[in-house]
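One structure is given below, encoded as structure tokens.
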2 protein chains.
Amino acid sequence: MNKNIDLIIDDENEKCPVETALEVMDGKWKVLILWYLRRDKKRFNEFQKLMPKITQKMLSLKLKELESDGLIIRKVYPVIPPKVEYSMSEYGESLKPILKQLYLWGEEHKKLRSKEL
Amino acid sequence: MNKNIDLIIDDENEKCPVETALEVMDGKWKVLILWYLRRDKKRFNEFQKLMPKITQKMLSLKLKELESDGLIIRKVYPVIPPKVEYSMSEYGESLKPILKQLYLWGEEHKKLRSKEL
DNA sequence: CGGCATCCATAAAGATACTG
DNA sequence: CAGTATCTTTATGGATGCCG
């Protein structure tokens, strides 16, 4: 598929940049949140609809972590009832190539895997 | 960077293929293991040197999970002392584009992030 | 060498209830 | 609506000992 991957690093003992990437995408929820934010802003309850299995606690926690990592932006409207919108930051946008590859892989392999599960 | 990502899916309510990908890469250790296997086979103690912080228990567990997911191959040589080699399967190789993007992102952002951490 | 078994400690995640 | 608080469960970490 892509043989260039073999050329981009030679010293395997240096601290691996893959770890750096994994630090910000830690766990599956963050990646999924970023995925759903890739185009439009979203509100808290929209995430809950998109990810029915995430708990409020996890959603709240992961949104905070993503925000403090600078990957997403939290905008609060001082209205009643409360309104909060989450959107991707420019920094978060830089993750899009990763999101895209994850999507492409999943799309290609989900049928195969659905047989196993 | 890549605007095509916006075009590849329209129905956000369908079960997201990103989740499928995340299922096999669950947790940080698996991705790292796959990364270190991207070119050459590796032995158990080589992984331990490459990932000093992983426990034997986790390494053993994650190798098993990756094997049972068909992403890596475990080859046992009937010699004394025992010799076991792990390598990527063809299926595992299909993850290389993801690994590459993770690497590229990490490489580009680790300096930025090292200020934060 | 390449593990597994056990026991214990901590951390991450899930379930449920409640609030400004 | 957008969370927080609390409690329980699961996952992971750490140490030690053993074995083919």
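Below, read A as the first sequence line, B as the second, and so on, with proteins coming before strands; counting in each chain starts at 1.
- Chain B approaches DNA chain C within less than 4.0 angstrom (heavy atoms of the protein), and the contacting nucleotides run 5' to 3' from dC1(C) to dC7(C).
- Put simply, CG on D26(A) is 11 Å from P on dT12(D), counting in whole angstrom units.
- Cation-pi geometry between K83(B) and Y77(B) is met: the NZ or CZ atom falls under 6.0 Å from the ring centre, inside 45° of the normal.
- If you take CG of N45(A) and C1' of dG3(D), they are 11 Å apart, rounded to a whole angstrom.
- Note that NZ of K30(A) and CG of L22(A) are 11.0 Å apart. Values are rounded to the nearest 0.5 Å.
- Rounded to the nearest 0.5 Å, atoms CG (L71(A)) and CG (L66(A)) are 6.0 Å apart.
- Y86(A) comes within 4.0 angstrom of sugar-phosphate atoms only, judged by non-hydrogen atoms across all strands, and of no base.
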Check the pair E85(B) / K42(B) against salt bridge (charged side-chain N to carboxylate O under 4.0 Å, His left out), numbers first and verdict last. CA-CA 6 Å; E85(B) 280 177 351; K42(B) 292 273 185 294; over 6 Å; no

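- Between W29(B) and dG13(D) there is a side-chain N or O to OP1 or OP2 distance below 4.0 Å.
- Checked for salt-bridge contact, K96(A) and E93(A) meet the test: a charged N lies under 4.0 Å from a carboxylate O.
- Between the CE atom of M51(B) and the P atom of dG13(D) there is a distance of 11 Å, rounded to whole Å.
- Contacts with DNA chain D (heavy atom under 4.0 Å) in residues 57-66 of chain B: K57(B), M58(B), K62(B), listed by number.
- The aromatic ring centres of Y36(A) and W29(A) sit 6.0 Å or more apart.
- Going from atom CD1 of I33(A) over to atom P of dA2(D) covers 14 Å, rounded to whole Å.
- In this structure, Q56(B) and P81(B) both approach DNA chain C, and ranking their closest nucleotides by distance from the 5' end singles out P81(B).
- Residues W35(B) and F47(B) place their aromatic rings such that the two centres sit no closer than 6.0 Å.
- Contact check on K62(B) versus E65(B) returns a salt bridge, with a Lys/Arg side-chain nitrogen under 4.0 Å from an Asp/Glu carboxylate oxygen.
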